[in-house]
S.K.: 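My questions will all concern the structure given below.
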Amino acid sequence: MDRGNNSRRIEFVLHGLSGPLELQLFYFAFFTLFYSSIVLGNFLIVLTVLSEPSLHTPMYFLLSSLSFIDLCLSTFATPKMIVDFLKEHKTISFEGCMAQIFFHHAFAGGEMMLLVAMAYDRYVAICRPLHYAAIMSVHKCSGLVVGSWLTGVLHSLSHLVFTVNLPFCGPNKVDSFFCGLPLVIKLACTDTYTLEILMLSDSGLMGMISFLLLIISYTVIVVTVRRRSSAGMAEARATLTAHVTAVTLFFGPCIFIYAWHFSNFPIDKFLSIFYTVFTPLLNPLIYTFRNKEIISAMQNLRR
């Protein structure tokens, strides 16, 4: 009981991007600019899709859902990281650490499932265009989004239910700018080998299934697109390129981190920052830069 109470009283020290005061101030300005761009870009996409009737389609509904979850993924830790650049002691409470672990896996897991849903939408649109309206109904589309969120939450709870009861009574330094699950587990005052394998299997299985579904979907789409040469297929190729780019940017860092889940690599910090800060900013650019409908709707919104 004492060890459990000590866990609740402990503060974790976050060793993120450290350096002299001048470098910390540069980081503060740099990431404040990036985070502001993430909020503005993703909020603008959600607002544009909601306000433009011509964009009330399954594809853009899923795109706005992706923008919203990207906004959440960047918000669970980035604001605290920015504030910590102005602090000498970068600490977080036990409750705050557990909250970061929960939201991290909930949003990341939800985005995995949402990317699969978007791939399914493109598969139906390109490979079965005559049945698209019947298959991708409003009810089906809403179910895919809700299912993505529920999967992410359940995935996160499966991690948190074991982690929250671990005894923490010794080392408290987390070598990251937020409470990453593998780093926090290693600080527990008990043997966590079995728990580490369980967590790795859970996250690895979810990521592997999502990635395989995406590969299968996009392989079928690529084969279908190559067999056709109409003007509509040119637009399909552009959309497909955007989807594949977004999937690569999201899954690439995740695969590397979880392939060596409980080992320390200097590049881990960069990859964690990449998919929690840079990817949520790149996704709006990827999906809107070559999309004439989105650009036109944004111009109408501005006017």
Side-chain angles (χ1 to χ4, degrees), residues 38 42-43 45-46 49-50 56-78 95-125 134-165 178-182 184-185 195 198-218 243 246-247 249-251 253-255 257-258 261 275-276 279-280 283 287:
I38 291 170
N42 285 290
F43 177 75
I45 290 178
V46 174
V49 173
L50 291 177
H56 293 174
T57 63
M59 182 179 76
Y60 291 112
F61 175 68
L62 293 173
L63 176 59
S64 64
S65 299
L66 178 66
S67 292
F68 180 73
I69 205 169
D70 272 336
L71 183 58
C72 296
L73 183 61
S74 65
T75 300
F76 86 94
T78 306
E95 292 79 8
C97 188
M98 294 300 107
Q100 283 194 342
I101 290 174
F102 171 78
F103 288 119
H104 176 212
H105 286 271
F107 297 144
E111 180 153 344
M112 284 185 186
M113 294 296 101
L114 193 57
L115 288 171
V116 173
M118 295 176 72
Y120 174 71
D121 172 73
R122 290 301 84 201
Y123 161 76
V124 176
I135 297 175
M136 293 302 297
S137 62
V138 175
H139 179 74
K140 172 70 74 63
C141 210
S142 301
L144 289 173
V145 173
V146 173
S148 299
W149 279 97
L150 287 177
T151 302
V153 170
L154 292 175
H155 166 69
S156 184
L157 287 175
S158 69
H159 288 329
L160 194 65
V161 70
F162 297 106
T163 309
V164 74
N165 291 315
F178 69 93
C179 284
L181 181 62
V184 172
I185 285 180
L195 182 58
L198 178 63
M199 300 281 182
L200 177 59
S201 301
D202 186 6
S203 297
L205 183 63
M206 182 177 180
M208 183 178 66
I209 292 175
S210 301
F211 196 61
L212 285 176
L213 289 174
L214 288 167
I215 290 177
I216 293 171
S217 298
Y218 288 128
H243 279 254
V247 167
L249 289 174
F250 181 80
F251 276 91
C254 291
I255 290 173
I257 290 173
Y258 279 98
H261 201 67
Y275 85 90
T276 56
T279 299
N283 277 347
Y287 284 108

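Treat the numbers as computed from the prediction; the structure is a model and nothing was measured. What you see below is based on every heavy atom in this structure, not just the backbone, and it leaves out hydrogens, waters and symmetry mates.
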S.K.: At what distance, to the nearest 0.5 angstrom, does OG of Ser64 lie from CE of Met59?
M.R.: 11.0 Å

S.K.: Who are the side chain to side chain contact (heavy atoms under 4.5 Å, CB included) partners of Cys141, not counting sequence neighbours?
M.R.: Pro58, Phe61, Leu62, Met136

S.K.: Tell me whether the rings of Phe103 and Phe107 are parallel (<30°), tilted (30 to 60°) or perpendicular (>60°).
M.R.: parallel

S.K.: Testing Ser74, Cys72, Ser67 one by one against Pro280 for a side-chain contact (heavy atoms from CB on, under 4.5 Å), which residue passes?
M.R.: Ser74

S.K.: What distance separates Phe102 CZ from Thr163 OG1, expressed to the nearest 0.5 Å?
M.R.: 12.5 Å

S.K.: Determine whether Met112 and Ile209 make a side-chain contact, defined as any pair of heavy atoms from C-beta on separated by less than 4.5 Å.
M.R.: no

S.K.: Mind checking what makes side-chain hydrogen bond (donor to acceptor under 3.5 Å, both in side chains) contact with Ser158, not counting sequence neighbours?
M.R.: Asp202

S.K.: Any non-hydrogen side-chain atom of Leu144 less than 4.5 Å from a side-chain atom of Val116?
M.R.: no

S.K.: Which value, rounded to the nearest 0.5 Å, describes the distance between Ser148 atom OG and Met118 atom CE?
M.R.: 10.5 Å

S.K.: Could you tell me the separation between the CG atom of Leu150 and the NE2 atom of His155, rounded to the nearest 0.5 Å?
M.R.: 14.0 Å

S.K.: Looking only at atom types and distance, does a side-chain atom of Ser156 sit under 3.5 Å from a main-chain N or O of His105, one as donor and one as acceptor?
M.R.: no

S.K.: Please examine the side chains of Ser210 and Met113, heavy atoms only from C-beta on, and report whether any two atoms are closer than 4.5 Å.
M.R.: yes

S.K.: Using 0.5 Å steps for rounding, measure from the OG atom of Ser65 to the CG atom of Asp70.
M.R.: 11.0 Å

S.K.: Does a side-chain heavy-atom distance below 4.5 Å link Leu114 with Val145?
M.R.: yes

S.K.: For residues Thr78 and Thr276, report the shortest heavy-atom separation together with the two atoms involved.
M.R.: OG1-O, 4.0 Å

S.K.: Work out which heavy atom in Thr151 is nearest to a heavy atom in Gly147; give both atom names and the distance.
M.R.: OG1-O, 2.7 Å

S.K.: Above 12 or not: heavy atoms from other molecules or residues under 6.0 Å from CZ of Phe68?
M.R.: no

S.K.: Which heavy atom of Val164 sits nearest to which heavy atom of Met98, and what is that distance?
M.R.: CA-SD, 3.9 Å

S.K.: Who are the ring-ring contact (aromatic ring centres under 6.0 Å, His included) partners of Phe76, not counting sequence neighbours?
M.R.: His104, Phe178

S.K.: Quick one: closest heavy-atom pair of Thr75 and Leu71, and the distance?
M.R.: OG1-O, 2.6 Å

S.K.: What residue among Asn42, Val49, Leu50 forms side-chain contact (heavy atoms from CB on, under 4.5 Å) with Val46?
M.R.: Leu50

S.K.: Please report the closest heavy-atom contact between Leu115 and Leu214, naming both atoms and the distance.
M.R.: O-CD2, 3.4 Å

